J.: 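Before I ask anything, here is the structure I am working with.
What you see is a predicted model, and the numbers here were worked out from it, not measured in a lab. Whatever order the structure lists them in is the order used to number ligands and atoms, beginning at 1.
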Amino acid sequence: MSTLAPTFYRQSYFHRVSRALLSVAAAAIPDWLFNRAFGPAFAAYRVLMRLLYLRFFVPAVLTGDAERIRKVLAVFRVMPHSLVGRRGLEATHDVVRNVILRQIEGAVVECGVARGGSAALMGLLTEDTPGRPLWLFDSYEGLPEPTAEDFRDGVTGRHVRPLPKGSCLGTYETVQRLLFSTFRLSRNRVFMVKGWFQDTLCSQSNNIGDIAVLRIDADWYDSVRCCLEALYDRVLPGGFVVIDDYGSCFGAQRAVDEFLASRQVAVSLVPDGRGGAHFQKPFIH
Ligand SMILES: C[S@@+](CC[C@H](N)C(=O)[O-])C[C@H]1O[C@@H](n2cnc3c(N)ncnc32)[C@H](O)[C@@H]1O
């Protein structure tokens with residue numbers, strides 16, 4: 001299998017052991033049983049990960065670091081609703097805080113919302129800046145099919161299991177409930193747009209206006225490329241582009257590399273330590 005630079009995809013020991021156990025289980029037990037057990041096992045794994053995340057709370061409290069305490073609490077709150085791991089959520093937290101602290105105006109945009117966890121995180125962080133819109137784009141039908149550009153040696157990336165059409169599904173109603181009932185975000189600055197990016201992004205681009213943070217979490221080549229083609233020019237210099245799947249999906253990486261090369265833009269990609277990466281849009285181009 002093709003490899004990705006280790007800086008962009010680093011697994012914890014726990015993760016590696018879980019993967020190994022999963023492979024043994026997949027080989028040893030019948031498919032129907034494996035498929036049935038996978039959902040509950042994955043849910044239990046996520047609960048465990050969330051509980052383990054509490055270990056970061058203690059040092060934050062002991063050092064009295066208010067920013068750190070707020071970060072751990074915010075990430076802990078959204079974790080059950082997100083497919084993004086804690087490192088990815090923390091990286092998203094940091095870029096959003098960065099644009100707030102540096103007073104870079106502009107919208108926060110997510111392309112690839114699923115059940116709304118990372119969107120809720122960005123919504124919570126920007127709730128005190130009511131002039132900052134939050135735009136959320138998703139099919140709300142799950143992932144489309146991958147295309148030839150997504151495959152290397154027959155696989156699309158470092159997923160635990162293949163991701164067929166409809167994977168990573170979150171419905172419009174689920175996300176609405178999460179944002180407006182569970183987290184009580186104010187409705188008048190949140191814009192949820194349902195549909196395939198190819199049909200929605202260009203037509204909304206003028207309405208979005210300037211972008212401070214563009215978070216792309218869409219796995220596949222066509223989807224990621226479409227987001228960059230439609231919205232990169234709206235990102236303000238000094239703003240950030242987050243590519244959640246840069247290190248984990250071959251197509252996402254290829255879309256980013258090809259897009260930046262086509263624009264002759266040199267950026268420093270900052271890995272989140274798990275599979276995602278972000279970069280700051282250069283001031284001079
Ligand atoms: C990995 S999930 C997003 C995870 C989410 N950010 C979270 O916090 O859990 C990928 C999402 O991208 C959406 N998606 C991918 N390609 C798309 C496209 N071309 N148009 C619309 N939605 C797309 C899927 O519907 C899916 O919800």
J.: Indicate whether the side chain of Thr129 and that of Thr126 have a donor and an acceptor atom separated by less than 3.5 Å.
T.: no
J.: Should the pair Glu141-Lys165 be classified as a salt bridge under the 4.0 Å nitrogen-to-oxygen rule?
T.: no
J.: Take Gln280 and Val270 through the test side chain to side chain contact (heavy atoms under 4.5 Å, CB included) and record every step on the way to the result.
T.: CA-CA 9 Å; Gln280 190 170 27; Val270 182; over 6 Å; no
J.: For a quick check: using heavy atoms under 4.0 Å, what are the residues in contact with ligand 1, sorted by chain and number?
T.: Ser82, Leu83, Val84, Glu110, Gly112, Val113, Ala114, Gly117, Ser118, Asp138, Ser139, Gly142, Leu143, Pro144, Cys168, Gly195, Trp196, Phe197, Gln198, Arg215, Asp217, Ala218, Asp219, Ser223
J.: For Lys71, enumerate each residue passing the salt bridge (charged side-chain N to carboxylate O under 4.0 Å, His left out) test, keeping only those at least two apart in sequence or located in another chain.
T.: Asp94
J.: For the residue pair Phe76 and Tyr53, categorise the inter-ring angle as parallel (less than 30°), tilted (30 to 60°) or perpendicular (more than 60°).
T.: parallel
J.: For Thr92 and Arg215, does a side-chain donor sit closer than 3.5 Å to a side-chain acceptor?
T.: yes
